[in-house]
Amino acid sequence: MKNSLLLIGASTRSLLRWARQHVYAWLILAPVVLGITYFTVVRLAENLPELQPSPILTVMLATAFNLSLVGLSLSRASAEIYHTRRPESYFDALPVSAAAHLHAALATRAARTGAVAAATLIARAAFGEIALMRALDLPPLLCFVAVTSLSETLGALNWIHWGRTKSSRAAAAALLVLLFNGILGGLLLTIVLRPSTFSSSFELWLSPLCLVWILILYSLVHFLNTRWRSSDIEYARRLQSATRSTFRIERALERRLQPVVAAQLARDVRLTLRGFSSAVYVVFAIAALCTVALIAA
């Protein structure tokens, strides 16, 4: 427990150091971007006709949102577990247990997921007729934060392990668990966004079942981290520091575009691929889905 608190304190000091060096980013730029996005969505919602999606569609959208959170956080969660290019990497040279590293990573994940839960409450209060926070919202919100945080950590562990071993059995089992967690998180998120979707009896027995599943999921994550950490940590560090060749992409751009435009795009590609990140793959998938949706519409 003491080692976990030391790791959490080191992460907090690193975050505060980043905040002091990037005051403009979080004090001015982030509020401006979030404010413009918020008012744009509000205006769009006012201009569109009132839509009442079915409960099944609501759960599907919430599940897709929850799974996208897991996909977008793979690289960051793996960096929090294995401390790649982070000040906490010095703790790897000390006699700190794998459980302490895991608990520190889970605390960071829970804090980030808690911010998503707070944003969900703000969105519900802005677009609905429900108060910002109710006592009934606390159990499903806490379960959502716990399930999503554990899912992100489980996905990061299996992502790094798959890259090192290419074990299909472990990857398939992890995908099934993550899919189940995505559906469970979608249900919990739907209960918070639209409380009238499910009956009170369903919400009453869902929270105890979620608590049991959270304990099982934590035991699984703890077991995999203890078993895989020592063998996967070097692969995670090599993956973070690996340089990726963009020669073929640059040649293809030069053949089809003007030299100035090709040089600009080639630079952007190099910057994007400099460090490994799961966000790249998720953004490509979302862009493809948006394109298909526009064609269908």
Side-chain angles (χ1 to χ4, degrees), residues 1-42 65-66 68-94 96 99-126 132-133 141-142 144-146 148-153 155-157 159-160 225 233 236-237 239-241 267-268 270-280 282-283:
M1 186 64 182
K2 183 178 179 180
N3 292 331
S4 300
L5 293 176
L6 288 175
L7 283 168
I8 295 173
S11 301
T12 304
R13 286 190 293 272
S14 177
L15 182 61
L16 292 175
R17 189 181 302 113
W18 178 90
R20 287 196 300 267
Q21 296 173 355
H22 301 83
V23 176
Y24 175 79
W26 63 267
L27 186 61
I28 299 176
L29 185 60
V32 168
V33 173
L34 293 176
I36 293 175
T37 304
Y38 173 77
F39 288 112
T40 302
V41 173
V42 170
F65 173 75
N66 195 19
S68 66
L69 285 179
V70 176
L72 287 169
S73 65
L74 285 179
S75 56
R76 186 178 292 272
S78 61
E80 293 165 356
I81 296 172
Y82 299 108
H83 310 311
T84 52
R85 292 187 179 180
R86 295 168 65 92
E88 296 91 330
S89 61
Y90 291 104
F91 283 90
D92 292 326
L94 301 176
V96 179
H101 293 284
L102 176 64
H103 293 156
L106 285 175
T108 305
R109 283 291 94 203
R112 296 182 184 276
T113 311
V116 175
T120 301
L121 292 177
I122 295 174
R124 187 188 68 176
L132 181 62
M133 185 64 183
L141 272 180
L142 293 178
F144 169 76
V145 170
T148 305
S149 302
L150 288 169
S151 299
E152 292 169 349
T153 306
L157 288 171
W159 186 39
I160 297 298
N225 178 71
I233 188 170
R237 291 173 177 173
L239 184 62
Q240 180 69 38
S241 59
R267 186 202 65 176
D268 293 340
R270 284 195 299 271
L271 292 176
T272 302
L273 299 179
R274 177 169 295 175
F276 78 102
S277 175
S278 59
V280 177
V282 177
V283 168

Taking [Y]'s backbone N and O only, do any of them form a donor-acceptor pair with [X]'s side chain (distance below 3.5 Å, no angle check)?
| X | Y | answer |
| --- | --- | --- |
| Ser68 | Phe65 | yes |
| Ser73 | Val70 | yes |
| Trp26 | Ala19 | yes |
| Ser149 | Ala146 | no |

Search all heavy atoms of [X] against all heavy atoms of [Y] and return the closest pair with its distance.
| X | Y | value |
| --- | --- | --- |
| Thr113 | Val145 | CG2-CA, 3.8 Å |
| Arg109 | Thr153 | CG-OG1, 3.8 Å |
| Ile8 | Ala107 | CD1-CB, 3.7 Å |
| Leu7 | Ala100 | CD1-O, 3.5 Å |
| Ala156 | Ser78 | CB-N, 3.6 Å |
| Ser4 | Ala99 | OG-O, 4.4 Å |

Spacing of [X] atom [atom1] and [Y] atom [atom2] [to the nearest 0.5 Å]:
| X | Y | atom1 | atom2 | answer |
| --- | --- | --- | --- | --- |
| Leu74 | Ile160 | CG | CD1 | 8.5 Å |
| Ser151 | Asn66 | OG | CG | 6.5 Å |
| Glu80 | Leu106 | CD | CG | 9.5 Å |

Subject >> Side chain proximity check, His101 to Ile81, heavy atoms < 4.5 angstrom >> reply: no
